[in-house]
Every structure is written in C-alpha cells, then in structure tokens.
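Data first, discussion second: the structure below is written as structure tokens.
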2 protein chains.
Amino acid sequence: MRQWNSWGDSQVKMTVNTKARQFLEGLLGKATPLRDATLAEVMAKVPASRLPAHPLIHLDAETRVRYARGQSLPDWLAWRSGDIPVFPDGVALPNTSQQVAELLSLAKQHNWVVIPYGGGTSVVGHINPVADSRPILTLALTRLNGLIHLDESSQLATIGAGANGPQVEALLKPHGYTLGHYPQSFELSTLGGWIASRSSGQQSLHYGRIEQLFAGGRVETLAGSLDIPTVPASSAGPDIREMIMGSEGRFGIITEATVRISRMAEQEEFCVYFVPDWAKAKSAVRELVQQKIPLSMIRLSNAEETRTQLTLAGHALAIAGLEKVLAWRGASAGKCMLTVGFTGSPQRIKFAQQEVTRILKAFDTVATGQVLGKRWHQNRFRAPYLREALWYLGYAVDTLETAVDWQKVTPYMTDVEHALRHALEAEGEQVLAFSHLSHLYTQGSSIYTTYVYRVGTDYARTFARWQKLKADASQVIVKHGGTISHQHGVGQDHAPYLEAEKGVLGVAALQALAKHFDVEQRLNPHKLLLD
Amino acid sequence: MRQWNSWGDSQVKMTVNTKARQFLEGLLGKATPLRDATLAEVMAKVPASRLPAHPLIHLDAETRVRYARGQSLPDWLAWRSGDIPVFPDGVALPNTSQQVAELLSLAKQHNWVVIPYGGGTSVVGHINPVADSRPILTLALTRLNGLIHLDESSQLATIGAGANGPQVEALLKPHGYTLGHYPQSFELSTLGGWIASRSSGQQSLHYGRIEQLFAGGRVETLAGSLDIPTVPASSAGPDIREMIMGSEGRFGIITEATVRISRMAEQEEFCVYFVPDWAKAKSAVRELVQQKIPLSMIRLSNAEETRTQLTLAGHALAIAGLEKVLAWRGASAGKCMLTVGFTGSPQRIKFAQQEVTRILKAFDTVATGQVLGKRWHQNRFRAPYLREALWYLGYAVDTLETAVDWQKVTPYMTDVEHALRHALEAEGEQVLAFSHLSHLYTQGSSIYTTYVYRVGTDYARTFARWQKLKADASQVIVKHGGTISHQHGVGQDHAPYLEAEKGVLGVAALQALAKHFDVEQRLNPHKLLLD
C-alpha cells in the first residue's frame with residue numbers, strides 16, 4: 001500500500017549500511033532523528049470541509065490528509081511534523097473527462113478552487129493547497145488511466161492522463177510498444193503530471209523528453225474542452241501543445257494524452273566506464289552527444305558522487321577490488337563514473353558501442369562492462385526511498401537540478417556544491433553535496449545535485465536549514481543563467497526565480513495566458529506564477 | 001541582382017525542354033501567356049507616402065514596389081498584372097536591434113502599422129500590406145545579418161535575424177560549423193523569417209526543424225526587448241521560444257537569434273532508389289523513420305511525381321535506359337523514386353547504409369547509387385525558378401503542403417490530388433498534380449503537392465482558378481485532420497483554416513496573446529489570426 005507520509009510502497013524499505021552511516025557521521029556528525037506525527041494525530045487536525053456532499057467528492061479526513069502534500073522536502077517535513085497548515089476541503093476522483101468538466105463547472109458555479117492532482121509526486125509544491133477564502137477541491141485524475149486508442153501505424157497511443165508510469169507501460173507492453181519515459185518518480189507520477197510539469201525521463205536521449213512524446217490530447221478548461229489534434233509537425237502558428245506543457249494546471253486539466261510510442265527495444269545494455277578526472281569526463285560525454293551517437297542514456301557522476309556512491313554501495317570487498325583495478329589503469333582519486341545506455345536493434349547497439357569505444361579511448365577511459373550498469377538499472381527508481389532510511393538516522397536529503405550550456409557546466413557545478421557545503425556554516429553544520437549530469441544535449445547538460453544535512457533540534461530549525469540551502473543554490477542557478485528547473489517544474493518553490501529565466505516580458509505573457517484561461521485564478525492558484 | 005517580380009537572381013534562368021512542353025500541352029492544352037506589367041507601370045501606381053521623412057526609411061516608389069509582395073501565386077499574379085492594391089508607405093532598413101526598437105517606438109507614437117520583412121519569400125501572404133487608415137511601414141531586417149557571438153563549446157551561434165541562408169552558412173563555415181537548415185527558399189529566406197513562420201529544411205531529419213535549432217534570442221516588442229536566454233532544456237513553465245516561433249510578427253520582431261549549430265559533416269551522400277509501387281514505398285520509408293536510422297533526408301515521390309520528373313528531366317535517352325533497367329528489375333509503371341540523404345562520419349554513413357539496404361530489401365527496392373542524388377543536390381534550390389519558365393508558356397504552378405499521421409498519408413494524398421485534378425472541371429480545364437513526402441516523422445509525414453494549370457484569358461480568371469484550387473485543397477486538408485501548413489506558415493492564405501487545427505479555444509488563446517503583446521494590432525495585422 002502507498003505510504004501516507006513517505007515515498008512509495010510501504011513494502012519497500014531501504015537501509016543504510018554501517019559503513020555508510022559511519023561515513024555520514026564522520027562528515028556531518030552524529031544525528032538525532034525527530035519524532036514523526038502519527039496519521040491519527042494529523043487527521044485530528046483536519047478542519048470541517050467547506051464543500052458540499054457530492055458522489056465524486058471524498059470529504060473524509062484521511063483522504064484529505066493523503067492528498068494534502070507532495071514529495072518535496074518541505075512536504076516531507078510537513079507530513080512528519082504533522083504541521084500542515086492547509087488541507088483540501090475534499091478530493092474528487094472522477095472517472096471520465098466529462099466528469100472532470102462537470103466538476104469544473106460546479107467549481108465555477110459555487111466558487112471553488114481546483115487543484116489538479118496526478119501522482120502527488122511534485123517536489124516543488126505543485127499540488128499543495130494554499131489558504132483561500134474559497135473551498136479547495138483537489139481533483140485527482142487517478143481513475144482516468146486506460147488505453148483509449150492505439151494507432152500502431154502512426155505509433156500513437158491515447159491514454160488517460162491519470163495513468164502512472166507502470167500503468168502506461170502495462171497498457172502498451174501487450175501490443176509490443178513502450179513509451180520509454182522513465183523519470184525517477186516513474187512508479188507514482190502520471191502522464192498528465194509529466195505533461196503539466198514538462199518532465200524528462202532517464203532515457204530521454206533516445207525516447208525524447210515529454211515535449212517530444214506528447215502529440216495532442218484533451219484539456220478541460222473553464223471555457224470548455226480544448227482538443228489538441230495530432231499532427232507530426234506544423235508551422236501553423238505557435239504550438240498549443242507547448243502552451244499546455246508546463247502550465248501546471250493553471251490553464252486547464254489534462255484528461256487524455258496522445259503520446260508517441262516506440263516498438264519495444266530488441267536489446268538494451270547499460271555499461272559503466274570510469275574516466276580519470278572530471279575535465280576529461282565532461283569532454284568525453286560532450287563529444288558523445290555532439291557526435292550524435294545513438295545512445296539512450298549518458299549519466300556522468302562527478303568525483304564526489306562517484307566516491308560517495310562507491311562508499312554507500314555496500315559490497316566493500318568487491319568495491320575495493322574494483323578500485324584497485326581502476327587505480328592500476330589510471331582512474332584513482334578523481335575518477336568519475338559514467339553510465340551509458342544502449343537501446344535498439346543489435347546492429348544499432350553494435351555501431352553505438354564501437355563509436356563509444358572510439359571516442360572514449362581518447363579520454364583514457366576504463367570500461368567495466370555491464371555489471372554495475374545492470375545494478376543501476378535494477379535500482380533506477382529506488383533513490384526516493386532513501387530519504388526515509390536517512391531520516392531515521394537524523395539526516396535530511398534533497399536534490400536540485402538545472403540545465404546550462406556546456407560552457408557553464410563546470411563553473412556552475414563547482415559553485416553550487418560550494419554554496420551548499422557552506423550554506424550552514426553559521427550554525428557550524430556540514431553539508432554533503434555531489435552531482436551528476438543526467439540529460440545531455442548538444443548545447444549543454446542538466447546537472448542534478450544531491451545534498452544531505454543533519455536535521456535541527458526541531459522541525460522549524462530543520463526547515464530553516466532547507467530554506468537557506470535552497471535559496472543559496474537557487475541564486476547560484478540564476479547567477480549562471482541556468483533554468484530554475486530542468487525536470488521538476490516551478491510549483492511554489494521555484495516561482496520566485498521564474499522571472500530571472502523568462503524575463504519580465506516572458507512572465508507577463510504567461511500571466512496574460514493564465515488570466516485568459518482563468519480570470520478568477522480558480523485553477524491551481526499561486527503555482528508557477530507569483531500571483 | 002534580385003528580380004523585382006520573380007523568384008531570385010535574374011542571372012538564373014530555367015527553361016522547359018520540348019518534350020516537357022509537349023507533355024504539358026498534351027495534358028493541359030496549349031496555353032497563351034498573359035502580358036506582364038513593367039516595373040515603370042507599377043511604380044506609376046504607387047500613391048504618395050503617408051510616412052514622414054526619416055533617415056532609416058525609404059519612401060521612393062521602386063523600393064515600395066519591391067517590398068510590396070511575397071512569393072505566393074497570388075503575389076506572382078499581383079506583380080505580373082501590376083494590380084497591387086496596397087503598397088507599404090515606406091521601407092525601413094535598420095542596422096541594429098536598437099534601431100528596430102526606435103522604429104517600433106515611433107510607430108507607437110505616430111500610430112503606424114509595422115510589417116516585419118525578412119527575405120520576402122512568404123508563399124502565404126505574410127508580408128503583404130493590408131489597407132489600413134494608418135500609415136504602413138515595412139521593416140526589413142536585411143542589414144542585421146552578422147555573427148554576433150559564437151560558443152563552439154556549446155555549439156551555439158548568435159546571428160542577426162536578417163541573415164539569409166547563404167549568409168548564415170558563410171558566417172559559420174570558416175569556423176567549421178553549419179546550421180544545416182535548407183528550406184527550398186534557402187537562397188533568400190532569413191533566419192528571423194524561419195523562426196517567425198516555423199520553417200523546416202530539407203535535411204531536418206538530421207539537423208531538426210527550426211524549432212529544434214532556435215535556442216533563444218532577442219525580440220523587440222512594443223513593450224520593450226524580450227530576451228530569451230539559452231538553456232538546453234527547461235521544465236520551468238511553457239516555453240517562450242515556442243510562443244515566438246510561428247508568431248508571424250504579431251508579438252514582436254525577432255532581431256537576433258541564437259541557433260544550435262553542428263560541425264560540418266565529414267561526408268554526405270544522396271542515394272536514389274526506386275520502389276515498385278506506392279504501398280511498398282510508403283511502408284518502406286515509414287520503416288526507415290520508425291527504426292530511427294540516422295539519415296539526413298528521406299524524400300519519396302509518388303508514381304505521378306516520379307513519372308513527371310523523369311519526363312521533365314531531359315536526357316531522354318539516359319532516362320529511357322534507366323527505365324528499361326528498372327522495369328527489368330521489377331520497378332515499372334507505378335514506380336516511386338526515393339532519395340535518401342546520409343550525413344556524418346564515414347562510420348555513421350556506413351552503418352546507415354547497411355540499415356537502409358537491409359530494410360529496403362524487404363520492399364523490392366532497386367538502388368541506383370548517387371548519380372541522380374547528386375543531381376537533386378545540385379538543383380535543390382532551383383524549383384522556385386521554374387515558375388517563371390512555365391509562366392512564359394502560359395502555365396501557372398503552385399505547391400501546397402500539410403502533414404498528417406501515417407494512417408492518413410495515402411487517403412489524404414489520393415484525395416487532394418483528386419480534388420486538384422477536378423477543381424476546374426466546370427471550366428473544362430485539366431490540372432496536373434503530383435506529390436512527394438519530404439519530412440518524415442515516426443508519427444507521420446509531410447505531403448508536398450505540386451499542381452500546374454493553364455492561365456485564364458485574363459488575370460482575374462487566372463486568380464479565380466487559383467482560389468478554387470486552393471480552397472478545394474485546403475478543405476481536403478481540414479477533412480483529413482492535417483495541419484494547414486507543415487512548413488510555410490499561416491499568413492493570410494491559411495488564416496481561415498487555422499481554427500480547424502487549433503480549435504476555437506486554441507485560436508482564442510493565440511488572440512489573447514496577440515492582444516497582450518499588441519493591443520492596437522499594430523504589428524502585422526490580419527496575418528496568422530483573422531482579426
């Protein structure tokens with residue numbers, strides 16, 4: 001069953017091995033975990049609903065708790081402390097697009113606020129209710145999760161927007177197709193959520209970002225249904241798909257999406273390489289992507305992340321053996337781990353591997369084959385479960401990401417890690433920070449940074465530490481001209497930084513659109529745009 | 001020198017050989033060309049300008065004639081008849097973004113209409129002045145054509161938006177780079193025009209459409225400069241680039257563009273194949289693109305186009321020999337010509353050629369090597385010159401295009417050619433129509449249709465024939481759910497059909513944006529959106 005106050009399935013538990021705990025204690029100091037609120041305690045805090053009874057709307061306290069927050073670190077602290085200032089007044093679970101339209105119509109008629117809810121996996125506050133004099137309805141698309149139409153000839157599938165990652169793949173697999181969209185949140189996040197927040201999957205190098213996968217669909221707006229037809233490409237004015245992608249529920253609610261699917265790959269391999277230092281590693285991966293080698297993934301950990309991951313991996317003896325071999329072949333202290341995905345026909349994979357070998361040779365790379373790659377693939381959706389394991393040891397973990405042009409990759413990465421490591425200096429606290437490049441483009445790369453810090457003596461202090469870390473890092477992103485988010489969206493947490501990216505005129509244009517679609521700011525207010 | 005009333009350079013003249021003329025006469029009947037107006041005659045019709053003298057604005061009659069129209073067939077008939085109802089009151093040739101901003105500021109202050117002008121190659125009426133009580137200023141970006149910044153590490157070049165195709169390539173070539181954007185209009189069309197109208201080049205399969213190439217830039221709006229920064233990808237809200245692409249001058253004037261460039265290809269080959277019939281040919285190319293073989297172009301002529309092109313090609317003996325060989329190998333009456341482009345490293349080309357051979361084998365394809373492909377490559381920008389040669393024989397030629405999902409490709413193509421061939425039946429006129437697929441996607445393809453008809457006894461009748469043909473074909477596009485334009489934009493000619501593609505709500509959103517950027521409809525009014 002899905003946990004009410006944590007990531008994912010309650011059956012999946014990760015543990016932190018002794019060596020990893022010692023590593024964290026050595027770096028950050030011993031920690032004392034904070035007390036968790038119980039579900040009963042939180043339910044007791046839920047106020048009376050301001051919504052009327054309706055067959056599609058759940059008004060019970062437990063449901064209103066379960067849909068109150070997403071998966072950001074502030075959300076985590078809210079769940080765990082039980083200090084949730086605003087709950088939705090009710091949660092609707094419509095079964096059809098038509099019912100979504102009816103609920104929107106009721107919302108207009110009775111002056112409700114509506115928050116569209118997909119998998120509840122936002123890490124930037126997309127689905128959190130904000131205090132409002134109007135009743136707040138969370139509208140969960142969960143039940144709109146079927147295969148509506150499959151056009152094998154055009155490789156298009158129309159699927160309910162509430163389908164989550166495993167559901168999408170399960171709908172396509174019997175027909176021999178895949179969407180190939182694998183964000184870290186894959187287990188819970190939904191098709192509609194991916195579109196509304198411009199998601200990117202781990203193998204976007206092959207399958208494309210959601211921008212390339214979303215071909216059209218239906219959006220229920222306050223003025224009626226917006227149907228976006230599928231055409232392979234068009235020069236007929238600005239693209240309406242592009243207007244909806246990233247709109248974070250402000251313009252309407254995506255109920256159906258037609259996506260570009262691919263035949264299941266005949267073969268797939270993930271190989272791990274080690275490059276002696278960061279400068280070489282960055283040049284190597286830039287070369288791979290600029291030479292347009294047909295790969296499905298390039299994932300490059302910096303030296304700090306490589307060291308941390310090898311330390312946390314367990315299997316101390318095996319890792320020691322590996323490191324010995326690598327050192328002997330020239331990849332020692334500063335080495336960077338590179339995981340490359342190959343997807344497609346055997347011929348394509350053979351060609352890509354020859355090209356990768358040819359290019360990486362110039363950068364003194366050591367190939368280790370598929371063992372570590374297989375391990376990565378098995379655990380690719382496990383990282384979110386780690387937050388709970390660390391939490392019980394008294395550590396908080398969060399991640400942040402951006403994308404910048406190649407010229408800015410190293411300066412940004414150096415700066416953001418420095419900022420994080422020193423952000424809590426005034427309190428005498430250390431922060432562990434490391435990064436990897438996960439989505440590569442000819443023009444530049446995303447940079448995904450993980451940071452771990454010790455919880456404070458209470459929730460308020462723990463949250464204040466996060467605020468300082470997040471603000472400092474966001475300012476480094478702005479300073480380097482990065483996007484405030486490459487794959488998580490804007491929500492509440494990134495809204496203050498949007499103007500730095502879009503410009504005053506860009507934000508004004510988005511505000512004009514929001515006003516056009518929703519003059520009363522009824523749909524997901526305070527998200528994306530500062531109101 | 002550029003011709004005032006035709007496509008391109010006055011030095012380039014195409015001729016129609018005797019066999020081709022006989023072919024057209026046999027099919028459409030002998031024709032009598034219409035009399036062309038002279039430049040002096042047209043200049044004499046230019047009324048007094050309503051604009052004041054300004055150092056950047058040309059008010060002379062010849063300039064006002066030269067910038068009055070684009071390259072659509074209605075434009076052609078306007079030039080040739082001399083019947084041009086509206087001329088711009090003046091033509092500004094600013095040298096900098098700052099001067100563009102100043103001109104916009106003057107336009108606001110003095111209540112002028114402003115038409116942004118790139119290469120004047122629009123085939124849908126983008127740059128045609130429409131009668132207005134306000135003075136009309138055509139603002140040509142021609143002089144903004146330099147290389148502003150080159151970031152080789154990120155493969156980004158910032159170039160003045162007025163640079164035309166050859167200028168863009170000439171700026172990049174000394175550094176070893178190419179943009180690789182080759183629309184048919186390459187010789188004259190400009191970077192800013194490509195962006196404003198969402199252009200697509202012949203090798204978009206490798207280099208991408210302008211949507212993939214345009215990374216950011218500067219747009220001068222009535223509210224100030226909109227600077228779009230470059231990031232490789234972003235999930236931070238709807239993409240402002242996508243709002244500007246296809247805006248056809250309604251939101252602002254693009255003055256600088258940063259584009260994603262590629263290293264010059266090491267090698268390039270264009271190979272021609274013949275497939276015995278259309279059904280096989282369509283399946284073959286769909287397979288090539290859905291298997292994501294790394295090609296730079298796939299261009300498939302249907303049987304009618306193949307027959308027409310082989311007839312018009314000249315070299316009757318060589319063609320007869322070729323056809324004999326093809327027939328012996330199974331490709332006779334219904335055969336379809338397929339041109340495939342290979343671009344990149346020798347290894348990549350070798351891999352792609354092996355894959356193409358493997359896939360095409362299943363469709364009984366006959367390979368003829370590079371001879372015809374080289375010929376295509378040499379003449380790739382020549383087709384627009386053919387209009388003049390046919391005109392002097394009394395025939396009018398026009399093209400139209402759309403894109404549809406694979407399922408609809410054959411039904412649409414059959415219908416549109418049928419509609420064109422029968423459109424002038426009431427007058428007893430025949431129409432020659434043939435098509436090719438030029439831009440292929442996993443989801444579907446563009447279909448580019450050429451049609452030739454006999455001019456009427458006067459210009460009015462000739463124009464009426466075009467109106468009938470264009471309307472009938474556009475309705476077929478709408479009926480099949482195609483885009484009203486895959487690569488030419490909307491302008492005036494496609495505006496009535498935009499709502500069928502975008503929906504009432506989609507068009508309303510674009511209108512809201514147009515109003516936001518330009519409440520007085522000062523920028524290119526009546527284009528893109530019906531006002």
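Every heavy atom of this structure was used, including side-chain atoms; hydrogens, water molecules and symmetry mates were not. Just so it is clear, the model here is predicted, and its values are computed rather than measured.
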Looking only at A/Arg241, A/Glu152, A/His486, A/His494, the option with the highest number of non-hydrogen pairs under 4.5 Å against chain B is A/His486

I'd like to know which of B/Tyr497, B/Phe251, B/Phe351, B/Tyr441 tops the heavy-atom pair count under 4.5 Å against chain A.
B/Phe351

Quick one: closest heavy-atom pair of A/Gly237 and B/Val490, and the distance?
N-CG2, 3.9 Å

Can you tell which of A/Ser283, A/Ser485, A/Ser247, A/Gly489 has the highest number of heavy-atom pairs within less than 4.5 Å of chain B?
A/Ser485

Do B/Lys502 side-chain atoms and A/Ala236 backbone N/O form a donor-acceptor pair below 3.5 Å?
yes

Whether A/Thr483 side chain and B/Ser234 backbone form a donor-acceptor pair below 3.5 Å:
no

So, does A/Arg209 use its side chain to make a donor-acceptor pair with the main chain of B/Ala233 at under 3.5 Å?
no

Top residue by heavy-atom pair count (under 4.5 Å) with chain A, among B/Asp227, B/Thr230, B/Ile261, B/Leu226?
B/Thr230

Cut-off 4.5 Å, heavy atoms of chain A, and the answer for B/Gln354 is neither

How long is the straight-line distance from CG of A/Asp239 back to CE of B/Met245, given to the nearest 0.5 Å?
8.5 Å

Name the member of A/Val409, A/Asp151, A/Leu528 that forms the most heavy-atom pairs with chain B at distances under 4.5 Å.
A/Asp151

Side chain proximity check, B/Val404 to A/Val231, heavy atoms < 4.5 angstrom
no

Part of B/Ala495 within contact of chain A (heavy atom distance under 4.5 Å):
neither

Are any of the side-chain heavy atoms of A/Trp406 and B/Gln155 separated by less than 4.5 Å?
no

Report yes if some heavy atom in the side chain of B/Ile244 is under 4.5 Å from a heavy atom in the side chain of A/Pro238; otherwise report no.
no

Is there a donor-acceptor contact under 3.5 Å from the side chain of B/Arg260 to the main chain of A/Gln443?
no

Determine the option with the most heavy-atom pairs under 4.5 angstrom with chain A, choosing from B/Leu440, B/Ile240, B/Val504, B/Asp405.
B/Asp405

Turns out that what part of B/Glu287 lies under 4.5 Å from chain A's heavy atoms comes down to side chain

Nearest non-hydrogen partners of A/Arg286 and B/Ser153, listed with the distance:
NH1-OG, 3.2 Å

Counting C-beta onward and ignoring hydrogens, is there a side-chain heavy-atom pair between B/His206 and A/Lys292 closer than 4.5 Å?
yes

Can you tell which part of A/Ala508 gets under 4.5 Å to a heavy atom of chain B, answering side chain, backbone, both or neither?
both

So A/Arg263 and B/Gln291, do their side chains get closer than 4.5 Å, heavy atoms only?
yes

With a 4.5 Å heavy-atom cut-off (strictly below), which parts of residues 509-517 of chain A touch chain B? List them by number.
A/Ala509, A/Leu510, A/Ala512, A/Leu513, A/His516, A/Phe517

Chain A contact via B/Ser445 - which portion, at a heavy-atom distance below 4.5 Å:
backbone

Just by modelled atom types, is the B/His488 backbone N or O under 3.5 Å from a matching donor or acceptor in the A/Ser235 side chain?
yes

Do B/Thr221 and A/Leu505 have side chains that get closer than 4.5 Å, going by heavy atoms?
yes

Taking every non-hydrogen pair under 4.5 Å, which of A/Ser200, A/Ala223, A/Ala403 racks up the most with chain B?
A/Ala403

So which of B/Gly481, B/Ser197, B/Ser262, B/Ser345 has the largest heavy-atom pair count under 4.5 angstrom toward chain A?
B/Ser197

So do B/Gln347 and A/Arg358 actually touch side chain to side chain, heavy atoms under 4.5 Å?
yes

Please evaluate residues A/Lys350 and B/Glu355 with respect to the criterion salt bridge (Lys or Arg N to Asp or Glu O under 4.0 Å), reporting the C-alpha separation (whole Å), side-chain torsions for both, the decisive distance (0.1 Å), and the verdict.
CA-CA 12 Å; A/Lys350 192 181 155 202; B/Glu355 290 287 275; over 6 Å; no

Taking every non-hydrogen pair under 4.5 Å, which of A/Gln487, A/Met243, A/Gln290 racks up the most with chain B?
A/Gln290

